[in-house]
Amino acid sequence: MGIKMHPFFFCFLLLLLVSPHSYGESEEDEFEEIKRSDFPKHFFFGASTSSYQIEGGYLEDGKGISNWDVFSHIPGKITNNDTGDVADDHYHRFLEDIELMHSMGLNAYRFSISWTRILPRGRFGKVNKGGINFYNKIIDNLLLKGIEPFVTIYHFDYPMELERRYESWMSSQMQDDFVEFAKVCFEEFGDRVKYWMTINEPEMVAILGYRMGSFPPAHCSPPFGKCSMGNSDREPLIVVHNQLLAHAKAVSLYRTHFQVKQGGSIGITISIQMYEPLDQQSDTQAVDRILAFYVGWIYDPIVYGDYPKEMREILGSELPSFSDEDKRYIKGSLDFISINHYTTKYAKDCFHSSCPDEVNRPINAFVETTPYRNGILIGDPMGIPGLYVVPRGMEKVINYIKQRYPNHSIFVTENGYSMRPSDGNKVETILNDWKRIKFHKSYLAALARAMRNGGDVRGYFIWSLMDNFEWIRGYDTRFGLFYVDHLKTLERRPKLSAHWFASFLGGYSQQLTQLSSI
Ligand code: BGC
């Protein structure tokens, strides 16, 4: 199934394409038109997904039970008690989904491997051939269509067995399990996969699962929340430490046994929010500090071999240490930088002004974040609380990475827009997602500016290919270029943004041909 366009959409799209001013925005970067030719010829333009969010087939062909399988089945944890049992049924419809990507003209696709499909019980059981076959088919069919696979090894879902045996990321044993999983992936898929990301957003695993307690295993402590167990100040630090070492050991294994023969590259993905000082005079250090706490937490050890001094100064001995041997593994354990970027907020210093108790803490870098300055929002709110449309943040993020970690190529592996429930939930309204188009155009314009300024960016992936299981928000929050009817048919329908992306990528004449046959 390719993209077929309704005449109404076509007219609307034409309007969007010919008129950069059509939204009547005041923000400077909204007025800049953006074209495929503003990016290098070999630039990757793709879409991103993750296994639990799209696959479904949760008990099929030998798959084991994951932390998310268990969590989503606990009543009250997910909006509408949705689960990922079926999700987008990508497990059975992957060929159709690859065709959707092909019809848009994507040259890359980022997806993740379900740990429990490959090793249903972690190291404590056998490799599951059913899972290997599934991903082999995906990789082969992507390559057949000229789409480069970008593979995340672990994106939030791991075998429940590892939680039960030793509390997963709270234990250093998880490092061995992760390395075993990565080894099977390199062995089975590494002949064809040239871009690996070990872990998606280790800091979000820690913050959501062990500080806020909203994601599994739902650990937290007051004042952050009331969970049955956990310590919101300490556990996130341990969980990140174990993930960093797991990453470093997997990269070392890849470099020693696979990389030369297979010729691929490897990195790790973090989520970066950008920050601006609430008060230009008194809050600039707060911005530096919070960025060190979120970006430096992961990338300083990986690039330079240790945690940032800002973290050590504030957290002291609470922050775990790397042994000399650890440092040898971790320093330089990346071939590229991978970032997910959605939003920007203001940062306010809490050393010198009063902040609420739950933010005025060492683990938060003594920084409060807010979307408001003088009662005015920093940007239009998106469908997920805490996310605002601030295109200039994309340029600032790339500049920040370039300065803090010079000489590394960068991939923007996620950037996306979810509509607000108040935008309406009628199918026609969801399909007519001009706000998403506006979002991507303005963020891409900011990305192009950063690249003209010397940012070595090699690819841009839209989150997400299709509407999917948006973690605790279930199916109500939609990020997709394609609409998915989760209630009944699971049919995929291109939104206006899918047409726009196809046109942007050069599929415009193809669209016109298709239109003439309607
Ligand atoms: C995660 C995705 C998620 C998206 C939108 C990213 O941080 O990697 O899994 O769906 O944010 O919330």
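Whatever order the structure lists ligands and atoms in, that order sets their numbers, starting from 1.
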Legend entry - Y299-Y405 aromatic ring centre distance below 6.0 Å: yes
Charged N-O contact under 4.0 Å between [X] and [Y]:
X: D467; Y: K495; result: yes
X: E161; Y: R121; result: yes
X: E55; Y: R117; result: yes
X: R93; Y: D88; result: no

Inset, instruction - Go through the steps to decide whether K435 and D380 satisfy the test salt bridge (charged side-chain N to carboxylate O under 4.0 Å, His left out), and finish with yes or no. - result: CA-CA 10 Å; K435 285 191 181 174; D380 278 351; 6.0 Å; no
List, pair by pair, the atoms of ligand 1 and of the protein that are both N or O and lie under 3.5 Å apart, giving the separation rounded to 0.1 Å.
residue	atom	partner	partner atom	Å
ligand 1	7 (O)	E201	OE1	2.8
ligand 1	7 (O)	E201	OE2	2.6
ligand 1	8 (O)	H155	NE2	3.2
ligand 1	8 (O)	N200	ND2	3.0
ligand 1	8 (O)	E201	OE2	3.4
ligand 1	8 (O)	E414	OE1	3.2
ligand 1	8 (O)	E414	OE2	2.8
ligand 1	9 (O)	Q53	OE1	2.8
ligand 1	9 (O)	H155	NE2	2.9
ligand 1	9 (O)	W471	NE1	2.8
ligand 1	10 (O)	Q53	NE2	2.9
ligand 1	10 (O)	W463	NE1	3.3
ligand 1	10 (O)	E470	OE1	2.7
ligand 1	12 (O)	E470	OE2	2.6

